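See structure below.
Note that the structure is a prediction, hence the values are computed from the model and not measured.
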Amino acid sequence: MIQFEHRPGILDLSWGHPRPGLLPVEEWAAATATAAREFGWRQLTYGYPTGPAPLLEWLTAHLNAIEDGGAEARQLFVTAGASHGMALAASLLAGPGDVILVDSPTYHLAFRILADTGATLLRAPADADGVDPAALAGLLATLRAEGRRVPLLYLVPTFANPTGRSLPLDRRRDLVSLAQRSGLTLLEDDTYRELTYDGEAPPSLWRLSGGEGVVRLGSFAKTVAPGLRLGWINAAPALIARLATLGYVHSGGGVNHAVATTMSCFGASGAYDRHVATVRAEYRTQRDALVAALRPHLPVAAPAGGWFLWAALPPGLSATRLLPEAERRGTSFAPGPLFYADGNGGEDRIRLSFSHLTPAHLTTAANRLGAALAP
Ligand SMILES: Cc1ncc(COP(=O)(O)O)c(C=O)c1O
C-alpha cells in the first residue's frame, strides 16, 4: 500500500522519507473539512490549468515571505510533486539527442526522470562545494563545438540530496550568469529549502535569476506529506503558458485539484507554518542524534538543512562492500555510487538519512554501523 519496504530487524538509514509520526494526520483532516465547507462543489470539479487561485495566492505570499519578495502567481504551475514537475519541465526543454547535465553527486531518482526525455545524461564538473561554474563553461563550449544541444543542468543547490551541502553564493551567481549568457536552463530542485536547522537557507537560483534561465521545482512532500503528491514549478510566464496548454491539462484541468484546494486551507489557517516549525525542530533533534552517535565511528559533519548525512568512509573501505556487513548487523544505508549518473565515484561515501527514524532508533542504527565499520 505504501512505497516502503520494511525489512524486519533492520533500522534502515537509506530511506529519505518523513518519520510517520510527524505526518500531520489531524491537521490535514481539519483542512479537508474546511475546504469541503468553503469550496463545496468547486472542490470536486475540474481545476484551473495552473492550479486553484486560493493556492496560487497563498503560495505566492508564502514564497515572498520565505525569500523576501520576487514571487508572482503568473510564474507558478501546480504539479503532482517535484518528480512530476521535473518530468514536465524536462519534457518541454529537452528531447532525444540532447545532453542533460547533472550535478555529481545528486538525487539518484532524477536520473531516470531526465533520461525519459530521450536525452543523454552527463556529469557536470563538480567539487566538494558543488557544480564548478568555470569548468562547466568549458564543458558547455566543448559539447556545443561538437554540435550537441545542451538545454538543461539539473541540480539540488540547497541542502542537497545526498550531500546536505549548499552551493556557495558566488557559485550561485556565476551559474545564473553563465545560464543567462549561454542559453542553458538551470533546473533547480529546491525541495529542501524550508527544512533549515541552523539559520537561513541561501537565496535560490530562481530568486537570483529574476526568473530568466532558471526553472525551480518545489514540493510539499518534505514539508507536509509525500502522499499529497503536490508541488509546483516556478518558471517564466512563457514556459508556464506552455505547461498550461499541454494536452493533458486541456483534457483534465489542473493537477490534483481537491488536494490543492485543501492545501490552500492548510496554508491560510496557519497550520502549514506551525507544522514546518514542528518538523524543523524534530528533524534538527534527529540530525543531532545521528551525528552524535556516529562521531565515535565516522567523522561526519552536521548539514545545516535537509535530511541527509554524506559520510566519508575510512580509507580503503568500499561502500558496496560495507553494505552487506551493515545489514548483517541490522542497519542499512545508500551507497555513494548510486548518486553518480554514470555510477563512477562515491565508493568512499555513504548517504545516511536522519528523516525516517526516532532519535533512539537513529542512535541504535549508528552503533550498529559502527560495529560493521570496526575491523
Ligand atoms: C532532491 C529531491 N527531489 C525530488 C524528490 C521527490 O519529490 P516529490 O515527492 O515531490 O516528487 C526528492 C525525494 O526524495 C528529492 O530528494
Looking at Asp190 and Gly218, would you say the former's side chain and the latter's main chain have a donor-acceptor pair under 3.5 Å?
no
Would you sort out whether Gln43 and Thr261 count as a side-chain hydrogen bond (donor to acceptor under 3.5 Å, both in side chains), showing the intermediate values?
CA-CA 7 Å; Gln43 195 187 22; Thr261 46; 3.1 Å; yes
So, do Pro337 and Asn344 sit near enough that their side-chain heavy atoms are less than 4.5 Å apart?
no
Mind checking whether Ile350 and Leu338 sit in one hydrophobic cluster, side chains of I, L, V, M, F, W, Y counted as touching below 4.5 Å?
no
Determine whether a donor-acceptor pair (N or O, by modelled atom type, separation under 3.5 Å) exists between the side chain of Ser91 and the backbone of Leu88.
yes
Are Thr60 and Arg74 linked by a side-chain donor-acceptor pair shorter than 3.5 Å?
no
Counting neighbours of NE2 on His361 that are heavy atoms of other residues, nucleotides or ligands and sit closer than 6.0 Å, is the number greater than 12?
no
Would you say Arg112 has more than 12 foreign heavy atoms packed within less than 6.0 Å of its CZ?
no
Closest non-hydrogen atoms of Cys265 and Thr34, given as atom of the first, atom of the second and distance, are SG-CG2, 4.1 Å
Sidechain N-carboxylate O distance under 4.0 Å for Arg7, Asp12
yes
Under 4.5 Å between side-chain heavy atoms, chaining through other members, with only Ile, Leu, Val, Met, Phe, Trp and Tyr counted: pull out the rest of the cluster around Leu175, sorted by chain and number.
Val99, Leu101, Leu122, Val131, Leu136, Leu139, Leu140, Leu143, Val150, Leu153, Leu155, Leu167, Leu169, Val176, Leu178, Leu184, Leu186, Leu205, Trp206, Leu208, Val214
Salt bridge (charged side-chain N to carboxylate O under 4.0 Å, His left out) partners of Arg328, counting only residues at least two apart
Glu325
Leu195 vs Ser355 side-chain heavy atoms within contact, under 4.5 Å:
no
Leu317 with Phe333, same ILVMFWY side-chain cluster at under 4.5 Å
yes
Closest heavy-atom pair and its distance - Ala244, Val249:
O-CG1, 3.5 Å
Please step through side-chain hydrogen bond (donor to acceptor under 3.5 Å, both in side chains) for the pair Thr278 and Arg274, ending with a clear verdict.
CA-CA 6 Å; Thr278 301; Arg274 285 193 298 277; over 6 Å; no
Backbone N/O of Ala82 and side chain of Asp189: donor-acceptor pair under 3.5 Å:
no
Could you walk me through whether Leu114 and Ile100 pass side-chain contact (heavy atoms from CB on, under 4.5 Å), step by step?
CA-CA 8 Å; Leu114 299 171; Ile100 296 180; 4.1 Å; yes
Can you confirm whether the side chains of Ser209 and Gln180 place a donor and an acceptor under 3.5 Å from each other?
no
Over all atoms of both residues, closest heavy-atom pair of Ala304 and Arg287
CA-NH1, 4.1 Å
Would a single hydrophobic cluster contain both Leu109 and Tyr192, if residues Ile, Leu, Val, Met, Phe, Trp and Tyr are joined by side-chain heavy-atom contacts under 4.5 Å?
no
If the condition is ring pair (Phe, Tyr, Trp, His ring centres under 6.0 Å), which residues does Phe339 pass it with, not counting sequence neighbours?
His108, Trp310
Where do Ser204 and Glu67 land on the side-chain hydrogen bond (donor to acceptor under 3.5 Å, both in side chains) test, with the steps shown first?
CA-CA 8 Å; Ser204 62; Glu67 257 206 295; 2.8 Å; yes
Testing the 3.5 Å rule here: is there a donor-acceptor pair between the side chains of Arg123 and Ser104?
yes
Check whether the side chains of Gln286 and Thr358 place a donor and an acceptor atom closer than 3.5 Å, and report yes or no.
no
For the backbone of Thr106 and the side chain of Asp103, can you confirm whether one donor and one acceptor N or O come within less than 3.5 Å of each other?
no
For Leu92, does its backbone N or O pair with a side-chain atom of Arg242 as donor and acceptor, under 3.5 Å?
yes
Under a side-chain separation threshold of 4.5 Å, the hydrophobic residues clustered together with Phe220 are Trp28, Leu55, Leu56, Trp58, Leu59, Leu63, Ile66, Leu76, Val78, Val224, Leu228, Leu230, Trp232, Val259, Met263, Phe266, Tyr272, Val276
Check whether any side-chain heavy atom of Pro226 lies under 4.5 Å from a side-chain heavy atom of His17, and answer yes or no.
no
Are Tyr154 and Leu243 linked, directly or through intermediate hydrophobic residues, by side-chain heavy-atom contacts shorter than 4.5 Å (ILVMFWY only)?
yes
Quick check against the 3.5 Å criterion: does Asn234 have a side-chain atom that pairs as donor or acceptor with the backbone of Gln75?
yes
Quick check: do Thr191 and Tyr107 have side-chain heavy atoms less than 4.5 Å from each other?
no
Without hydrogens or angle criteria, can the side chains of Glu327 and Ser332 be said to hold a donor-acceptor pair below 3.5 Å?
yes
If you apply the rule side-chain contact (heavy atoms from CB on, under 4.5 Å), what do you find for Glu282 with Arg19, and how did you get there?
CA-CA 10 Å; Glu282 294 287 335; Arg19 175 145 70 82; 3.0 Å; yes
When you group the ILVMFWY residues by side-chain heavy-atom contacts below 4.5 Å and let the links chain together, are Tyr197 and Phe308 in the same group?
yes
Evaluate the side-chain contact (heavy atoms from CB on, under 4.5 Å) criterion for residues Arg148 and Thr120: first the C-alpha distance (whole Å), next the side-chain angles of each, then the deciding distance (0.1 Å), finally the verdict.
CA-CA 10 Å; Arg148 309 295 299 270; Thr120 303; 3.9 Å; yes
Salt bridge between Asp127 and Arg171, side-chain N to carboxylate O under 4.0 Å?
yes
Could you check whether Arg181 pairs with Asp174 (Lys NZ or Arg NE/NH1/NH2 to Asp/Glu carboxylate O, under 4.0 Å)?
no
Connected-component partners of Trp41 among ILVMFWY, side-chain separation under 4.5 Å
none
List, by chain and number, the other hydrophobic cluster members for Leu44, where Ile, Leu, Val, Met, Phe, Trp and Tyr join if side-chain heavy atoms come within less than 4.5 Å, directly or indirectly.
none
Kindly say whether Arg42 contributes a backbone atom to a donor-acceptor pair with the side chain of Thr45 at under 3.5 angstrom?
no
Smallest heavy-atom separation, Ser318 atom then Glu347 atom, equals OG-OE1, 3.2 Å
Considering all heavy atoms of both residues, which atom of Pro314 and which atom of Leu373 are nearest to each other, and what is their separation?
CD-CD2, 4.1 Å
Between Ser166 and Phe159 (side chain of the first, backbone of the second, donor and acceptor by atom type, cut-off under 3.5 Å), is there such a pair?
yes
For Glu188 and Pro157, the nearest pair of non-hydrogen atoms, with its separation, is OE2-CG, 3.5 Å
May I ask you to test the Phe111-Val102 pair for a side-chain heavy-atom distance under 4.5 Å?
yes
Is a side-chain donor or acceptor of Asn367 paired with a backbone partner of Thr364 at a separation under 3.5 angstrom?
no
Salt bridge present between Asp170 and Arg173 (N-O < 4.0 angstrom)
no
